[in-house]
Amino acid sequence: MDKFVIRGGNPLVGVIRVSGAKNSALPCMAAAILTEDEVTLENIPQVRDIETERKLLQSMGAEVGLREGEAQDRTTICCRNLSDPVARYEIVKTMRASSLVLGPLIARTGMARVAMPGGCAIGGRPIDLHIRGLEKMGATITQEHGYLEARADRLRGAHLVFDKITVTGTEDLLMAAVLAEGETLMEKCAREPEVTDLAALLTAMGAQIEGAGTSTIRVQGVSRLHGARHSINPDRIEAGTFLVAGAITGGDLVVSNCNPTHLGAVIAKLREAGAIVDVLGPDEVRVRSGGPLRAADISTEEYPGFPTDMQAQYMALATQAEGVSMVRENIFENRFMHVQELVRMGANIKVDGSVATVRGPARLSAAAVMCSDLRASASLVLGALVADGESILDRVYHMDRGYERIEEKLRGVGAQIRRLGNLFPPREDE
Ligand code: EPZ
């Protein structure tokens, strides 16, 4: 298993480029199931979850790949021959976002067999809201042997009101609705930019959608969709992670190829914590040290509130801020896996239920730490960038799921970070 070695102490200075958003690319790739024509997606991040989704679509009979000579960040998907509409457990267990193929498969083929996505480090991750919505649209869904079996002659438009705001639930049911018979009204939808990005692709494919990005989405079903070409949104969480990296190291960092309008809550919070953050243009944000960092509380919320996917990264910053920062995690039930590892580096953090109390500034010292999930990994990288000495981060495959070439990008702005492949074969107990 790959490791990172990081020597802390260098302020990050220069320009760091953001890749396409993994959480936009995943639903947009699934949307290709809805048509027999080719769908070409650009600005796709080269990360593990994308590779997993490519394998998933290919396992169903789709042709997925790069055209000869095409840029690495482009992928063309053709689902003309969906010979085997099954999402197998071997693939789903490595990436639970596979539930995103459920709606499109039923809408396109009238059937789907999708392994139930297990939970993950951050929570149980149920998909009951996806299932309930599809049943309201006329699907018959049974569960056996760990698989969901879904059938529908043709989905019917329905009035759907989500009990809880769910990002992939909104995306899954939006993809089901675009080919359903009649009108679908969806209320209490997720407003994340990833939903809006998916709706832009679906509209380019011929879907009739109003209200994407608001909590009420209205869809007029159509009989078929055609191919399209679409460029994926920049990754707002990667951008936010880099802004925190510039602030925590006291550097002067320009984050390029991002979308500042998706970063409102993060930029406001970094300013409150004492960083100088300037929006330089439609795709660039600059972060600089504004003197000692100050404690500031966060409470994670659905978009446009402070993102749960930035909670762990912000907590690393809070360990260096003067005062007491309260970090409240409202979305997932177990998203403090980074806390104990930051404490091992010297952070002063106490957890009580869904609230972590962070006292700073705490001098961090390098340590051997363990990555547990995608964003916790990012938090440990940020801690190691300011810790005294050389930290070793194990199980960085968690980070590779959602951050493209992260060590190259950070090294490019002055970080002392190296990736260590397997020096020796893993021991039995590893
Ligand atoms: C998406 O996950 C993202 N993943 C997550 O990013 C992100 O943390 C999350 O949205 C919240 O913003 C992708 O887009 C691939 P939810 P999703 O459904 O859709 C509960 C990352 O780090 N819920 O919005 O699975 C659920 O348990 C990942 O990139 C139900 O109860 O999250 C949670 O408490 C991690 N029943 C809350 O809703 C359901 O049917 C929000 O979950 C669905 C969700």
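Indexing begins at 1, ligand by ligand and atom by atom, following the structure's order.
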Visitor: Using the test side chain to side chain contact (heavy atoms under 4.5 Å, CB included), find all partners of Glu301 that sit at least two apart in sequence or belong to another chain.
Guide: none
Visitor: Return yes if some donor-acceptor pair links the side-chain N/O of Ser391 with the main-chain N/O of Ala367 below 3.5 Å, else return no.
Guide: yes
Visitor: Tell me which residues fall inside the under-4.0 Å heavy-atom shell around ligand 1.
Guide: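 Within 4.0 Å of ligand 1, the protein residues are Lys22, Asn23, Arg96, Ala97, Ile122, Arg125, Pro126, Ile127, Asp128, Leu129, His130, Lys164, Ile165, Thr166, Val167, Thr168, Thr308, Asp309, Ile331, Phe332, Arg335, Leu374, Arg375.
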Visitor: Which heavy atom in Ser379 sits nearest to a heavy atom in Ala312, and how many Å separate them?
Guide: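 For Ser379 versus Ala312, the nearest heavy atoms are OG-O, 2.9 Å.
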Visitor: Carefully, step by step, assess Arg405 and Asp400 under the rule salt bridge (charged side-chain N to carboxylate O under 4.0 Å, His left out).
Guide: CA-CA 8 Å; Arg405 296 180 296 105; Asp400 292 336; over 6 Å; no
Visitor: So does Tyr147 have more than 12 non-hydrogen atoms from other groups sitting under 6.0 Å from OH?
Guide: yes
Visitor: When you measure from the side chain of Thr170 to the backbone N and O of Ala190, does any donor-acceptor pair fall under 3.5 Å?
Guide: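 Yes; judged by distance alone, with no hydrogens or angles, the pair exists.
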